Protein chains: 2
Amino acid sequence: MKKNNKPQKVRAISIEKILNAAQDEFILQGYKGATVQSIADSAGLPKANVLYYFKNKENIYHAVLEQTLNMWDEGIGDIEAHDGPKVAIEKFIRAKVAMSFNNPKASKIYAMEIIQGAQHLKDFARTYQRQWVREKAKIFKCWIDNGEMKQVDPVSLIFLIWSTTQHYADFDSQILTIMNRADYEDDDIEHVTNFLTDFILRGCGLKQ
Amino acid sequence: MKKNNKPQKVRAISIEKILNAAQDEFILQGYKGATVQSIADSAGLPKANVLYYFKNKENIYHAVLEQTLNMWDEGIGDIEAHDGPKVAIEKFIRAKVAMSFNNPKASKIYAMEIIQGAQHLKDFARTYQRQWVREKAKIFKCWIDNGEMKQVDPVSLIFLIWSTTQHYADFDSQILTIMNRADYEDDDIEHVTNFLTDFILRGCGLKQ
DNA sequence: CAAAAAGTTGACCTTTTGGTATGTTTTTTC
DNA sequence: GAAAAAACATACCAAAAGGTCAACTTTTTG
């Protein structure tokens, strides 16, 4: 009587349904506020079935976080020395803005974790991110020393790019309300990318 | 046997203790995750006493939010036409950075509300903030038309300033971890203010 | 100083929630 | 096609949570 789902895929499909539902619930209610029942309802499964795939609520959350971090990792873009500052920064901004608009939920989960003290992400920040920032800061420093760009604190610059790009995902409800709009449209990605690229390159003394 | 607190102040003191405790709890656990018991413990009062001052958890939350919005309102700084773009923008950035460093908790409560869809803040954004942004955007437009600053989309600029300044409050745990520091120090406010002012003024074509 | 108002508190009740136990159905394997 | 594994589902339980109650103490008021 059941639909003939591709065999061996039931697990994968159920897990995906659960994780999607969980992502929504965790954003809307926070970790403690989200209930296994609501995740189950939202995923269209009985609660016991959800707990069949994930031992408990914390495991669901860990899975959601892991998914989020993978996305962060892929979406971060890169800053490559051989591109030179202008191209590298533009590429980086473009990647982050695209990521924000295409994956706002991941950005929100991530933001809430950090706001709440990053209990589950301290290690990630301490090892991976710290390393990443140092590496990229070194590249900026080279460019500055070579006179390829203005003297701008590289770490502060990275934080500035992170904050301005993520803002469009995390604060979408505020932005849309203020602009009296219901949803982002396709143009918006391009418009925001252009604005930020332009503005930040100028801030770095790389334009006009 | 009780300490001789200034008469008529018991209420005010208790309420303040409760709201401070509640602010911490709501940040750490979210609205649904925070428990009246934990707020009471954190405030050093029995639960029944907390519920004597606030009918229920939602009322506590409303009170915290109201406090937060008042702070936002006071801390927003202003953008005044007669200052001219350079001074006005610098004043504005300085006010917002100070606000972030001095009131990170308010900023976090506010951020969490918006990330979660701004259920309780939609009205605030729809009326007050939208109006504020339009007003200030008009001032920027004047400056641009007068050739006093580069052609920069005013609304995007406001969002950029909001995001970059609030970032230091909301994401403090990430920033500190990456920089391998335990806490912000006094210098940091000044350093961040200078960096942002410098960078943003240059982005607006108002410097070098 | 006595009555009223304000504040304090432990006990209690109901609902919600995370999680388990157990049995049934479906799918896969051999 | 039967045995084994995976998936599904109902009922249930103990702990936690929001909130009420009623009694008690302290403070204020006239």
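This one's a predicted model, so the numbers in the text were calculated from it and none came from an experiment.
Minimum atom distance to the side chain of Pro46(B) is reached by dT9(C), of the listed dA17(D), dT17(C), dT9(C). With dA7(D), dG7(C), dG10(C) as the choices, the nucleotide that has an atom nearest any side-chain atom of Ala48(B) turns out to be dG10(C). Listed nucleotides: dA9(D), dA17(D), dT8(C). Nearest to the side chain of Asn49(B): dT8(C). Closest to the Leu51(B) side chain, of the nucleotides dT8(C), dC8(D), dG19(D), is dG19(D). Out of dA17(D), dT8(C), dG18(C), the shortest distance to the side chain of Tyr53(B) is found at dT8(C).
Atom C1' of nucleotide dA7(D) and atom CD1 of Ile15(A) are separated by 12 Å, given to the nearest angstrom. Taking atom OH of Tyr61(B) as the reference point, atom P of dA17(D) lies 19 Å away to the nearest angstrom. At whole-Å resolution of the value, CD1 in Ile13(B) and C1' in dT26(D) are 15 Å apart. What separates NZ of Lys57(A) from P of dA16(D) is a distance of 14 Å, to the nearest Å. Atom CG in Leu45(B) sits about 17 Å away from atom P in dT26(D), given to the nearest Å. In this structure, Lys9(B) atom NZ and dT27(D) atom P are separated by 17 Å, rounded to whole Å. Rounded to whole Å, the distance from CD1 on Ile60(A) to P on dG18(C) is 9 Å. Atom CD of Glu58(B) and atom C1' of dA17(D) are 16 Å apart (whole Å).
Distances shorter than 4.0 Å separate none of the side-chain N or O atoms of Asn56(A) from OP1 or OP2 on dG18(C). The shortest distance between the side-chain N/O atoms of Ser38(A) and the OP1/OP2 oxygens of dT16(C) is not below 4.0 Å. Contact annotation: Arg11(A) side-chain N/O to dA6(D) OP1/OP2 distance is not under 4.0 Å. For Tyr52(B), no side-chain nitrogen or oxygen approaches OP1 or OP2 of dG19(D) to under 4.0 Å.
Using a cut-off of 4.0 Å between Lys/Arg side-chain N and Asp/Glu carboxylate O, Asp78(B) and Lys136(B) are scored as salt-bridged. Under 4.0 Å is where a charged nitrogen must lie from a carboxylate oxygen, and between Glu90(B) and Lys86(B) no such pair does. Look at Arg94(A) and Glu190(A) and you find a salt bridge, because one of the NZ, NE, NH1 or NH2 atoms lies within 4.0 Å of a carboxylate O, short of that distance.
Taking all atoms of both residues into account, the shortest heavy-atom contact from Ile158(A) to Trp132(A) is CG2-CZ3, 4.1 Å.
Within 3.5 Å, no donor on the side chain of Lys55(A) pairs with an acceptor on the base of dG19(C), nor the reverse. Between the side chain of Lys47(B) and the base of dG18(D), a donor-acceptor pair under 3.5 Å is found.
If you find the closest nucleotide of DNA chain C to Gly44(B) and to Gln37(A), the one lying nearer the 5' end belongs to Gly44(B).
Contacts of Ala40(A) with the nucleic acid, taken as non-hydrogen atoms under 4.0 Å apart, are absent.
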Quiz prompt | Derivation of the side-chain contact (heavy atoms from CB on, under 4.5 Å) call for Leu196(B) and Leu160(A) | solution = CA-CA 9 Å; Leu196(B) 287 178; Leu160(A) 182 142; 3.7 Å; yes

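In this structure, Lys96(B) forms no cation-pi arrangement with Tyr168(B), as its terminal cationic atom is not both closer than 6.0 Å to the ring centre and no more than 45° off the ring axis.
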